[in-house]
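Fair warning: this is a prediction, and the values are worked out from it, not measured in the lab. Residue numbers begin at 1 in each chain, while the letters A, B, ... track the order of the sequences.
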Amino acid sequence: MTKIWGKRVFSSSLLDSRFLFLAATVVGVLLTLSIFAFMVMLGLPLFSVHSLTLLLTQAWAPDQGLYGVFPFICGTCAIVSLSLLIAFPLSLGNAILIHLLAPRRLARFLHQVVKMMTGVPTVIYGFVGIFFLVPLVREWFSRGSGMCILSAALLLALLISPTMILVFLESFSAIPATHLRALEALGGTRRQKLLHVILPGARTGIITGLLLALGRALGDTMIALMVAGNATAQPESLLDSVRTLTAHIALVMAADFDSIEFKTIFACGIILYLWTAVLTLSLRCLHFNYAKSSHDQSL
Amino acid sequence: MTRVFDFLLYVFAWLCGLILVGAFGTFMVFLLTQGLPALGFDLIFGGTAIGDALLLKRVVSDGLLPAIIGTLLLIFLALVTALPFGLGAGIYLAEYAGKRSKSFFSLIFDLLAGVPSIVIGLFGFSLTIYLHKRFTFLTPCLLISALALALLVLPYLIRSTQTALEELPTTLRLTSAALGADQATTIRFVLLPQAAAGIFSGIILAIGRAAEDTAVIMLTGVVVSAGIPRSLFNSYEALPFYIYYMASQFSNQQELQQGFGAALILLSLCALLFTLAWLIRKKVTARLLYHHH
């Protein structure tokens with residue numbers, strides 16, 4: 001932004017409000033950092049009796065003295081990656097449909113539906129999932145309870161697709177019109193437009209959407225908690241019931257506060273915090289590099 | 001070859017659209033057909049007379065009223081707490097922060113926006129354990145939940161305030177400066193009024209986020225049956241938690257019906273807030289587009 005008030009005139013009200021705004025910002029920053037600090041502080045007793053590697057690699061069997069969260073990491077990875085595997089092509093297809101192929105009115109309608117979908121509470125996805133999707137999955141595969149990786153991933157895909165589609169659409173429409181017109185003038189087809197102009201041009205946007213959706217899927221608690229079944233065993237098939245890191249935090253709450261079992265939820269919290277922090281940082285790097293490269297191009 | 005590819009692309013894209021709309025449509029139809037029959041005064045007030053229930057003369061024991069009031073209280077308290085910080089930080093980032101500090105602060109707030117809500121709930125819970133050692137009366141309660149929710153919506157408020165201010169045309173700032181206004185005056189009397197609609201739509205989205213979140217409150221004090229809370233230090237009921245609880249713990253058909261009814265009420269609340277935010281946003285965009293007439 002352009003700086004208009006280069007040299008600030010001293011006035012008490014100016015100084016006051018500036019100070020207050022800065023204070024609000026600093027409070028926000030301190031709170032963000034203290035989330036992590038608190039978890040480390042409360043989880044620390046755990047690491048003194050239980051080594052970090054054991055915690056990250058062992059199975060979960062409190063009655064045998066095993067307090068590893070490895071099965072939950074696997075559960076989280078399984079649900080998140082399957083949901084992305086379903087949601088990514090689905091979202092890309094929808095974005096292409098809305099941006100390029102559908103008639104204008106239908107495109108506008110679809111866009112509106114997608115926007116509406118972002119407002120649906122996750123607990124409602126979970127609720128409808130239990131009474132609608134889970135019985136279906138149980139019938140289709142006639143195995144298990146229907147509360148499994150597949151059910152949770154399908155619902156999660158429905159949850160994260162709108163976010164991805166909206167980010168994709170935004171990056172599609174950010175492609176300079178001149179590029180598209182140049183291609184049209186050369187007699188390019190719609191397919192060439194998509195493959196050689198839109199998709200390469202929207203590369204950063206597509207990765208952004210993917211990372212945002214990944215963060216959303218990783219952080220979701222309700223769908224996994226309600227639909228994935230919460231079994232503590234290591235999953236072996238898509239129809240197995242699993243517990244995610246987020247669901248583990250929600251489930252162990254009832255246990256005794258001083259037990260090792262209870263303290264593992266702080267380990268899960270720390271893993272989730274760091275994981276999403278890495279995602280945020282990679283998004284930051286991605287956009288920094290993108291801004292730099294587009295700046296270089298325009299020179 | 002080209003035509004085969006074009007054809008496949010068509011089929012793929014249309015199929016994706018069909019799957020998404022079909023899945024979402026089926027989902028909504030299922031919820032509506034199951035939930036609509038449950039809607040009615042009985043769902044909210046149970047058997048209690050409406051006047052008595054609203055005036056708190058009688059406790060509503062088998063209706064959704066305590067959960068609805070709990071959710072409304074949560075939203076109100078969370079927003080009142082988060083708003084000063086959200087606005088303050090948003091204004092600071094948009095108007096005062098230098099390039100470097102702005103980049104640092106926005107990174108931290110991006111981080112906060114990415115933190116899963118269950119982790120925020122865990123933070124609220126750990127804070128309660130920590131404070132409980134000093135103030136033994138403090139247990140998970142309405143106040144703790146509201147504070148944790150405030151932290152959850154804080155990054156949304158900051159971002160929307162910052163964006164609303166940064167979107168304003170530079171001419172506005174130049175004009176104000178040319179008239180001799182200093183920066184504080186300009187923010188107070190020129191920029192904030194102009195950005196009000198944008199900020200407001202951000203606030204509504206934050207309300208929606210606070211209304212629907214379940215993970216934060218389930219760690220910080222929500223219970224299935226508490227009635228309307230008498231103070232900030234009581235436990236309370238809330239709609240999303242009620243829905244979660246009914247999904248697994250319903251004991252008869254009527255309770256399941258109530259669960260569907262509650263889901264429908266929460267969905268309508270969120271849809272309403274969402275539409276409101278969208279309408280305001282549309283108005284702002286129109287004004288910014290046609291600013292120079």
Side-chain angles (χ1 to χ4, degrees), chain A residues 1-2 4-5 8-9 11 13-14 17-18 20-22 24-25 27-29 31-32 35 38-39 42 89-90 93-94 96-97 101 110 113 116-117 119-124 126-128 130 132 158 161 191 215 218-219 221-222 226 246 249-250 253 257 265 269 272-273 276-277 279-280 284, chain B residues 5-6 9-10 12-14 16-17 19-21 23-24 27 30-31 84-85 88-89 91-92 96 105 107-112 114-119 122-123 126-127 129 151 154 158 166 170 173-174 177 182-184 208 212 214-215 218-219 240 243-244 247 259 263 266-267 270-271 274:
Chain A
M1 187 180 312
T2 41
I4 301 164
W5 292 269
R8 274 186 302 276
V9 189
S11 92
S13 79
L14 177 80
S17 51
R18 185 190 160 86
L20 283 178
F21 298 146
L22 178 61
T25 314
V27 168
V29 171
L31 280 170
T32 310
I35 295 175
F38 253 93
M39 286 190 300
L42 288 165
L90 188 69
N94 270 290
I96 294 171
L97 183 66
L101 300 177
L110 281 175
V113 170
M116 247 356 212
M117 282 177 76
V120 177
T122 50
V123 69
I124 293 184
F127 190 81
V128 174
I130 285 187
F132 184 71
L158 206 56
S161 291
R191 176 182 63 97
L218 192 66
T221 309
M222 297 322 288
M226 293 170 86
T246 48
I249 298 179
M253 287 307 296
F257 290 170
I265 67 174
L272 284 167
Y273 190 99
T276 48
L279 281 179
T280 309
R284 184 50 84 100
Chain B
F5 183 90
D6 272 356
L9 182 70
Y10 254 84
F12 168 70
W14 281 101
C16 284
I19 290 173
L20 190 79
V21 173
F24 187 62
F27 178 95
F30 181 78
L31 184 59
F85 296 101
I91 293 172
Y92 186 80
Y96 292 102
F105 287 137
L107 178 65
I108 297 284
F109 293 133
D110 280 352
L111 219 63
L112 181 59
V115 173
S117 60
I118 190 94
V119 174
L122 185 59
F123 174 64
S126 349
L127 203 65
I129 299 182
L151 189 56
L154 185 65
I158 297 174
E166 285 177 350
T170 318
R173 286 165 226 274
L174 287 171
D182 65 18
Q183 193 172 8
E212 70 117 2
T214 326
M218 64 195 284
L219 295 197
I243 297 168
Y244 162 68
L266 183 65
L267 187 66
C270 289
F274 199 79

Side chain / backbone / both / neither for [X] at chain B, heavy atoms under 4.5 Å:
X: A/V27; answer: side chain
X: A/I130; answer: side chain
X: A/R284; answer: side chain
X: A/S161; answer: side chain
X: A/L42; answer: side chain

So for B/V115, is it side chain, backbone, both, or neither that comes closer than 4.5 Å to the heavy atoms of chain A?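 Contact with chain A: backbone and side chain both.
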Heavy-atom distances under 4.5 Å only: say whether B/F274 touches chain A with side chain, backbone, both or neither.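 For B/F274, the contact with chain A is made by the side chain alone.
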At a heavy-atom distance under 4.5 Å, which candidate from [options] has the highest pair count against chain A?
options: B/A215, B/S126, B/P84, B/G114; value: B/S126
options: B/L20, B/I243, B/V119; value: B/L20
options: B/L31, B/L154, B/L107; value: B/L107
options: B/W14, B/F105, B/F12, B/Y10; value: B/W14
options: B/I129, B/D110, B/I19, B/I158; value: B/D110

For [X] and [Y], work out which heavy atoms get closest and say how close.
X: B/A13; Y: A/L101; result: CB-CD1, 3.6 Å
X: A/T25; Y: B/A89; result: OG1-CA, 3.3 Å
X: A/G119; Y: B/C270; result: O-CB, 3.7 Å
X: B/C16; Y: A/N94; result: O-ND2, 3.2 Å
X: A/L158; Y: B/A23; result: CD1-CB, 4.0 Å

If we only count heavy atoms from C-beta on, is the [X] to [Y] side-chain gap below 4.5 Å?
X: A/I35; Y: B/L112; answer: yes
X: B/L122; Y: A/F38; answer: no
X: A/L272; Y: B/I118; answer: yes
X: B/P116; Y: A/T276; answer: yes

Between chain B and each of [options], count heavy-atom pairs under 4.5 Å; write down the option with the most.
options: A/G93, A/G126, A/G219, A/A277; value: A/G93
options: A/I96, A/V29, A/T246; value: A/V29
options: A/L279, A/T221, A/V113; value: A/T221

How long is the gap from [atom1] on [X] to [atom2] on [Y], to the nearest 0.5 Å?
X: A/M39; Y: B/F123; atom1: CE; atom2: CZ; answer: 9.5 Å
X: B/L219; Y: A/I265; atom1: CG; atom2: CD1; answer: 7.0 Å
X: B/T214; Y: A/M222; atom1: OG1; atom2: CE; answer: 4.5 Å
X: B/L267; Y: A/I124; atom1: CG; atom2: CD1; answer: 4.5 Å
X: B/L127; Y: A/L31; atom1: CG; atom2: CG; answer: 9.0 Å
X: A/T280; Y: B/I108; atom1: OG1; atom2: CD1; answer: 10.5 Å

Residues A/F132, B/F27; criterion ring-ring contact (aromatic ring centres under 6.0 Å, His included); working and verdict: CA-CA 8 Å; A/F132 184 71; B/F27 178 95; 8.2 Å; no
Using atom types as modelled and distance alone, determine if a side-chain donor or acceptor of B/E212 lies under 3.5 Å from a backbone N or O of A/T122.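 The answer is yes, because a donor-acceptor pair under 3.5 Å joins these two groups.
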Looking at B/Y96, B/F85, B/Y92, which hits ring pair (Phe, Tyr, Trp, His ring centres under 6.0 Å) with A/F21?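 Passing option: B/Y96.
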